[in-house]
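Here is the structure we will look at.
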Amino acid sequence: FLEWFSESQGTHYMRGGVPGAYPNFSDSTVIPHPVPFNLFDPFGFSKNKSAESKANGLIKEINNGRLAMIGILGFISEQRVEGSVPLLKGLVAHYDGETMAPFA
């Protein structure tokens, strides 16, 4: 939703926009009703942060996403090939189906 909303209100980050810069719901004419909170920063915690702090937070968020992808791949690997991830051996049931079927 945030991706669609930011594209409807401005320039996409792949075309010169700023990644992670979402417009406020209250400034929008696209949403037909009042929205009490913004989805990106509902309580305004990052409003007064410095640019350095925001850049540091962005790096942390990117690294968190990378670790999540590695974790998901670990579970998928253990389901397909038992014992491929020693820490998950016996915790994850074997799966003989097509792992990528939902994406086909």
Side-chain angles (χ1 to χ4, degrees):
F1 176 78
L2 286 176
E3 186 75 18
W4 168 82
F5 181 70
S6 67
E7 287 179 21
S8 71
Q9 299 296 301
T11 307
H12 189 271
Y13 65 90
M14 295 293 287
R15 294 186 184 97
V18 180
Y22 296 104
N24 290 331
F25 288 156
S26 58
D27 300 337
S28 173
T29 58
V30 175
I31 299 176
H33 55 80
V35 179
F37 298 110
N38 288 314
L39 288 178
F40 176 69
D41 188 16
F43 300 109
F45 292 139
S46 66
K47 179 172 53 175
N48 298 325
K49 287 188 176 181
S50 67
E52 180 182 343
S53 177
K54 287 181 182 180
N56 196 9
L58 180 63
I59 290 170
K60 289 177 184 177
E61 186 66 27
I62 290 170
N63 288 337
N64 184 37
R66 289 174 178 163
L67 284 174
M69 287 187 278
I70 290 170
I72 290 293
L73 286 174
F75 275 95
I76 291 173
S77 299
E78 181 62 29
Q79 282 187 321
R80 295 292 291 181
V81 181
E82 291 182 26
S84 63
V85 182
L87 292 173
L88 297 176
K89 187 172 183 169
L91 293 176
V92 180
H94 182 71
Y95 180 67
D96 281 326
E98 179 57 45
T99 307
M100 300 307 283
F103 306 106

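If you read the sequence from its start, that first residue is 1, and numbering goes on from there.
Every residue meeting the side chain to side chain contact (heavy atoms under 4.5 Å, CB included) condition with K89, not counting sequence neighbours, appears here in chain and number order: E78. Here S53 pairs with nothing under the side-chain hydrogen bond (donor to acceptor under 3.5 Å, both in side chains) rule; sequence neighbours left out. Considering only residues two or more places apart in sequence or on other chains, N48 meets the side chain to side chain contact (heavy atoms under 4.5 Å, CB included) condition with none of them. Applying the side chain to side chain contact (heavy atoms under 4.5 Å, CB included) criterion to L87, with sequence neighbours excluded, gives no partner residue.
Within the model, atoms CG of L67 and CD1 of I72 stand 12.0 Å from one another, a figure rounded to the nearest 0.5 Å. A distance of 8.5 Å separates CG of L73 from CE of M69, quoted to the nearest 0.5 Å.
Nearest heavy-atom pair, S77 versus S84, reported as atom, atom and distance to 0.1 Å: O-OG, 3.1 Å.
Residue Y95 shares its hydrophobic cluster (ILVMFWY side chains chained together at separations under 4.5 Å) with no other residue.
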Indicate every side-chain donor-acceptor pair of residues 96-104 with a distance under 3.5 Å to a residue at least two apart or in another chain.
| from | atom 1 | to | atom 2 | distance (Å) |
| --- | --- | --- | --- | --- |
| D96 | OD1 | H94 | NE2 | 2.7 |
| T99 | OG1 | R80 | NE | 3.4 |

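For CD1 of I62, the number of neighbouring non-hydrogen atoms (other residues, nucleotides, ligands) closer than 6.0 Å is greater than 12.
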